[in-house]
Structures are given as structure tokens and as C-alpha cells.
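The structure appears below as C-alpha cells.
Source: prediction; values computed, not measured. Naming convention: chains lettered A, B, ... in sequence-line order (proteins, then strands); numbering from 1 in each chain.
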2 protein chains.
Amino acid sequence: MIVLREVLGSELRRVRSAQGRTLRDVSSSAAVSLGYLSEVERGEKEASSELLLSICGALHVRLSDLLLTVADRVSELETPPIAHAA
Amino acid sequence: MIVLREVLGSELRRVRSAQGRTLRDVSSSAAVSLGYLSEVERGEKEASSELLLSICGALHVRLSDLLLTVADRVSELETPPIAHAA
């Protein structure tokens, strides 16, 4: 089953890592607790709309761009594996 | 401020209405309560990942397609108004 919060969390972590930033830095910029951000990144907690926007702001990414990337990842998971000829 | 759950809820309502279906029909197919679906559509409640997937299934739309449309709507809201020459 595709779990959106896991795809979203994974993408948020990827963006943060690509920027070489720590959970502490981004959580502080986003004014969310470090524990909350960590749980969101691990797909253990649904991010509220307000906090997701705040995290996007802290990462300097547009919410729409994040959603586009997440839509791509979800699409890959939805696509059935290619059947190989026997 | 852009509130993702409002954009998402509005799009879910639009899809349901375009199919000429009732809250009762879709909530029953998705196995969510009518009240919950109604709150989600009005942007009053965050849909959990599991229930969002279930609602998509009931509406016969792919989660990735829903996310793409929502990303477009969010992008429109992010775009600053065009400045007109005085």
C-alpha cells in the first residue's frame, strides 16, 4: 500500500540532506520541534498543512514543487512492475 | 497562507461532484464516515494517508494524479499576482 506520509517524509529528508543541513537547523528554522520533524521525515507522523508549509519554507522549496516530486514518486509506486518475457 | 488540506479537500469535492456522486456513496465506498469525508472536503480535517488513499480508490482516481492536480492549484496560489503598469 502506498503511504503518502512515508513518500513525503522521505522526500523532505532527501531535500534536507542534499542541503547538508541538520534536523536541528531545519526544525529551528521551521519552528517545529526536532522530534516532530524527525517523525515526519520517517513517515511516522502526518504533517499538518501548516507545519508542512513551514518546513517547506525552512528548506526554501515551494510546496507545489515538493508535491510534484512526491506525485512522481507515488506514480512510480503505482506503476505495476514490467512483466518480463519468460 | 496556502493550506494544503483546503486545496486537497476542494479538489476531492470537485472530482466527486463531477462524477455526480453523493457524500454518502463515496464515504460508503471508501469505508470512511460521511462526516469525516465532509470535513476533509471542506478542508476542516487533515486526511490521513490511509484514508486519502481509500477516498482516491472510491473515486477511481490515482493518488499521483490527485497530487499533480493539487500541485497545480497550489502553484497558482503561490504565483504572485501580475503587477500592472500604473
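- Contact count against chain A (heavy-atom pairs under 4.5 Å) is highest for B:L53 among B:L77, B:L52, B:V7, B:L53.
- Side chains of A:S64 and B:E78: a donor on one and an acceptor on the other come within 3.5 Å.
- Heavy-atom pairs under 4.5 Å with chain A peak, among B:L8, B:L66, B:L63, at B:L63.
- At least one donor-acceptor pair closer than 3.5 Å links the side chain of B:E46 to the backbone N or O of A:S49.
- Your options are A:R62, A:E76, A:E6, and the one with the most heavy-atom pairs under 4.5 Å with chain B is A:R62.
- When side chains are defined from C-beta on, A:L67 does not count as touching B:L68, because their heavy atoms never get closer than 4.5 Å.
- Residues A:L12 and A:V61 are members of one and the same hydrophobic cluster, defined by side-chain heavy-atom contacts under 4.5 angstrom among Ile, Leu, Val, Met, Phe, Trp and Tyr.
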